[in-house]
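Read through the structure below, which is laid out as structure tokens, and then see the notes.
Both backbone and side-chain heavy atoms feed into the values below; hydrogens, waters and symmetry mates do not.
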Amino acid sequence: MTLDDFGIGPAHALDAGTLADVMARANAGLRWLPRVHSGAEEIATLGDMIDAGWVEVARSKGVIVGFLSRREAEIHGLYLHPIAQGKGIARALMQNAKSARDDLGLWSFEANARASRFYRKASFVEIMRSDGSGNDFGLPDIRFEWQKGAV
């Protein structure tokens, strides 16, 4: 599959299973990330997020290759299918989120160096770190925030 052409738009109710698959494939290479939720739980959570209007997807030739979930200023997840990585799709999803807000924030696992590089390149600033006691995975994480017009 070539990803020369993709579009961004809202997720639909029946997309939850596909989003869970994209998330699972994106996470499969992260050996440090434990699996703490079942596939059914992930699909249900993604379905709830879709129903709430939080999820934007990137589609290439009608196939979902990535998504970003956001409630107001808080980004809850950004996932790309491995075949979609390095093609500008995450950047486009993030730009779409930025176009809707003057500020954004998110948590990223400390062990996810690739994500941290991406967020820094997207002008997010590290605000704080935690020991992971506040997340389901128990992994240390980093708080990143972005403000429109900030240097």
Side-chain angles (χ1 to χ4, degrees), residues 3-12 15-16 18-37 41-43 45-60 63-151:
L3 301 174
D4 299 330
D5 188 32
F6 64 91
I8 296 175
H12 307 294
D15 292 336
T18 302
L19 298 184
D21 182 62
V22 167
M23 187 168 68
R25 289 173 187 265
N27 288 340
L30 306 176
R31 305 219 185 280
W32 48 264
L33 184 65
R35 180 99 192 236
V36 298
H37 301 289
E41 288 170 325
E42 290 170 348
I43 291 170
T45 298
L46 288 163
D48 290 345
M49 289 180 171
I50 291 168
D51 290 346
W54 297 4
V55 184
E56 293 288 320
V57 298
R59 294 180 197 270
S60 177
V63 176
I64 294 174
V65 294
F67 69 95
L68 185 145
S69 60
R70 177 184 59 82
R71 179 179 182 224
E72 298 179 9
E74 188 67 19
I75 294 174
H76 292 274
L78 173 58
Y79 295 93
L80 292 181
H81 190 289
I83 65 165
Q85 293 178 0
K87 313 258 189 236
I89 295 170
R91 190 170 41 251
L93 284 163
M94 185 61 73
Q95 190 56 44
N96 186 62
K98 285 178 171 181
S99 71
R101 299 287 311 180
D102 289 336
D103 61 329
L104 292 169
L106 59 92
W107 288 94
S108 183
F109 294 118
E110 187 177 286
N112 198 343
R114 183 176 184 171
S116 292
R117 280 191 305 275
F118 172 80
Y119 296 129
R120 287 182 175 105
K121 283 183 181 179
S123 301
F124 281 75
V125 175
E126 180 180 326
I127 301 300
M128 65 178 285
R129 291 180 181 237
S130 89
D131 64 3
S133 59
N135 66 58
D136 292 348
F137 300 87
L139 296 173
D141 50 8
I142 304 171
R143 176 69 182 178
F144 287 100
E145 294 184 358
W146 168 83
Q147 290 189 344
K148 185 182 278 186
V151 178

Could you tell me whether the side chain of [Y] reaches within less than 4.5 Å of the side chain of [X], counting heavy atoms only?
X	Y	answer
I75	M94	yes
L93	L80	yes
V65	V57	no
S69	L78	no
V22	F67	yes
Y79	R25	no
W54	L68	no
L106	Y119	yes

Can you say whether the rings of F137 and H37 are parallel (under 30°), tilted (30 to 60°) or perpendicular (over 60°)?
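Rings of F137 and H37: perpendicular, over 60°.
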Do the rings of F109 and W32 sit parallel, tilted or perpendicular, given the 30° and 60° boundaries?
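If you compare the ring of F109 with that of W32, the planes turn out perpendicular.
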Between NZ on residue K148 and CZ on residue R101, distance to nearest 0.5 Å:
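If we round to the nearest 0.5 Å, K148:NZ and R101:CZ are 10.0 Å apart.
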Sidechain-backbone polar pair: [X] side chain, [Y] backbone, donor-acceptor under 3.5 Å:
X	Y	answer
S60	D5	yes
N112	S116	no
S108	I142	no
D15	T18	no
T45	E42	no

What is the minimum heavy-atom distance between [X] and [Y], and which atoms define it?
X	Y	result
A58	I89	CB-CG2, 3.5 Å
I64	L19	CG2-CD2, 3.8 Å
W146	S123	CD1-O, 3.5 Å

side-chain contact (heavy atoms from CB on, under 4.5 Å) between H76 and R70: does it pass, once the steps are laid out?
CA-CA 6 Å; H76 292 274; R70 177 184 59 82; 5.9 Å; no
Given the rule in the side-chain contact (heavy atoms from CB on, under 4.5 Å) test, do L104 and Q147 qualify, once you have shown the distances and angles that lead to the verdict?
CA-CA 7 Å; L104 292 169; Q147 290 189 344; over 6 Å; no
Taking it one step at a time, do E56 and K98 satisfy salt bridge (Lys or Arg N to Asp or Glu O under 4.0 Å)?
CA-CA 12 Å; E56 293 288 320; K98 285 178 171 181; over 6 Å; no
One pair to check against side-chain contact (heavy atoms from CB on, under 4.5 Å): I127 and E145. What are the steps and the verdict?
CA-CA 7 Å; I127 301 300; E145 294 184 358; 3.6 Å; yes
side-chain contact (heavy atoms from CB on, under 4.5 Å) between E126 and R120: does it pass, once the steps are laid out?
CA-CA 8 Å; E126 180 180 326; R120 287 182 175 105; 2.7 Å; yes
